[in-house]
Number of protein chains: 2
Amino acid sequence: MGLRERKKEKTRLAIIDAALDLFLEQGYESTTVEQIAGVVDVSPRTFFRYFTSKDHLALWFHDHGEEIILETLADRPQDEPPFTALMHALRAVLTDVECSTGEDAERFLKLRRLLDANPHLIGRSVARGAQTERRLAEVIAARRGADPDKDQLTHLIVAFAMSTMRVGFECPRRDGTVAEIAARMAESIDLAERSLRPGWDL
Amino acid sequence: MGLRERKKEKTRLAIIDAALDLFLEQGYESTTVEQIAGVVDVSPRTFFRYFTSKDHLALWFHDHGEEIILETLADRPQDEPPFTALMHALRAVLTDVECSTGEDAERFLKLRRLLDANPHLIGRSVARGAQTERRLAEVIAARRGADPDKDQLTHLIVAFAMSTMRVGFECPRRDGTVAEIAARMAESIDLAERSLRPGWDL
DNA sequence: ACTATTCTGTCATAGTGTGCCATAAGTCAT
DNA sequence: ATGACTTATGGCACACTATGACAGAATAGT
């Protein structure tokens, strides 16, 4: 990896860290891009070259999570029931969170605190989730040999899966270690699996 | 109802209709508040007194839907299983849509076409839905005698219910009459009820 | 060291959203 | 009706997000 790419990654993380701290300190809305850029010593214009928007910065975690889900899904056997495959993908995200160490874990916890404090950001977060949902619907539809524009069950399977993930992440709204949060997410996955009728997703 | 209130309602509807038409004609993003205000012959400043944002205008339907859901929920017997009660509330929204006539129905159809054409707006729509979800979680938690900050099942019940609604509304992405769309929504409610294990929401 | 590529800063601009104050319109007494 | 009172509107200024265009600086490949 060249110097250029290392520098970019360093700037990217510096922006994230500066922004996260400012957000938690003085609120999301009342923190301006100019301020964030000022702390990192970068022009506001450059900020928008790293993140397409303030929202994108606050939700950078989704990009990573979506990647993991899509990769895991591609590796699952094609004849596995769709919802089961999705739950495996969710567990993969979970594992990734659990294994994150040091600065990454800290960022994760800060992000969680940020979302807890800003209901408005939860909205943006689920909006980002809707994007993931559309992509997942394509994949699941292909697995089921269905037309994603017509098959309601495909969309219901994906929506239920994303709901499970979201509930696990958002609830309960209390601080804890990464391990504790991961345990909660695992709990919600179990809960969802127990709630659904066997074979409902075939 | 006095002249003042009638005038306000008239302006409100005029703004909605002008906006909806402009959105469908030239796209949501590329339609400015100034344009909308211009068509209705109102100052841009006044626009923001009727709608807090451009998004709020595009999602005005949610306000109405949420109201119906909360009212219906309050009328359902307290000992009814939570998910069942929520499905009744959803059907109440459905009935309202089916019964809407003339201009209202037309607005509903335009809104649907708008959402179909703008994935970005779907995001805003589910973000608005998240707000509703939080309110419903409070109500359902009270029914179940649970703490909304701790009980995952409460959130899962609400999330599944909202997912059902969303799938019914969004899928399939094809035009149709109000009756056809309502039928699709009813279908997705049935699908969800069949998919869940009896008594899962107790 | 030379050149091409990529990143960055500066400037200009469009658009959303808000506070403030003066004015116009609707409401309600007498 | 006339007046006083309340509320809606318009106009202005302003902060902020976001994007396009261009020039200059840093890096990469040879």
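Note that these values count all heavy atoms, side chains included, but never hydrogens, waters or copies made by symmetry. First the proteins, then the strands, lettered A, B, ... as listed; each starts at 1.
- Judged purely by distance below 3.5 Å, without hydrogens or angles, the side chains of Arg128(A) and Thr132(A) pair a donor atom with an acceptor atom.
- Phe48(B) places its CZ atom 17 Å from the P atom of dC12(D), with the value rounded to the nearest Å.
- Distance CG (Leu57(B)) to P (dG15(C)): 17 Å, rounded to an integer number of Å.
- Contact of Arg49(B) with dG17(C) (side chain to base): no donor-acceptor pair of N or O atoms is detected under 3.5 Å.
- Side-chain contact, Ser188(B) with Gln152(A): no donor N or O sits under 3.5 Å from an acceptor N or O.
- Rounded to an integer number of Å, the gap from Met1(A) CE to dA28(D) C1' is 16 Å.
- Phe160(B) and Trp200(B) have their aromatic ring centers within a separation under 6.0 angstrom.
- For Tyr50(B) and dA8(D), the shortest distance from a side-chain N or O to OP1 or OP2 is not below 4.0 Å.
- Distance, Glu29(B) CD to dA14(C) P: 18 Å, rounded to whole Å.
- Within the 4.0 Å cut-off from OP1 or OP2 of dC7(C), at least one side-chain nitrogen or oxygen of Lys8(A) is found.
- Between Ser43(B) and Arg4(B), the residue anchored nearer the 5' end of DNA chain D, judged by the nucleotide with its closest heavy atom, is Arg4(B).
- Taking only side-chain nitrogens and oxygens, Lys7(A) comes nearer than 4.0 Å to OP1 or OP2 of dT27(D).
- Here dG17(C) presents its P atom at 13 Å from CZ of Phe51(B), a figure rounded to the nearest Å.
- One atom, CD1 of Ile36(A), and another, P of dA15(D), lie 18 Å apart when rounded to the nearest Å.
- If you find the closest nucleotide of DNA chain C to Ser30(B) and to Leu3(B), the one lying nearer the 5' end belongs to Ser30(B).
- Computed from coordinates, the Glu5(B) CD to dT6(D) P distance equals 17 Å when rounded to whole Å.
- You'll find a donor-acceptor pair under 3.5 Å spanning the side chain of Arg45(B) and the base of dG19(C), going by distance alone.
- Between Thr46(B) and the phosphate of dG10(D), there is a side-chain N or O to OP1/OP2 separation shorter than 4.0 Å.
- Atom CD of Glu80(B) has more than 12 neighbouring heavy atoms from other residues, nucleotides or ligands inside a 6.0 Å radius.
- Across the protein-nucleic acid pair, His56(B) atom NE2 and dG17(C) atom P stand 12 Å apart, rounded to whole Å.
- Between the CG atom in Leu156(A) and the CG atom in Leu191(B) there is a gap of 5.5 Å [rounded to 0.5 Å].
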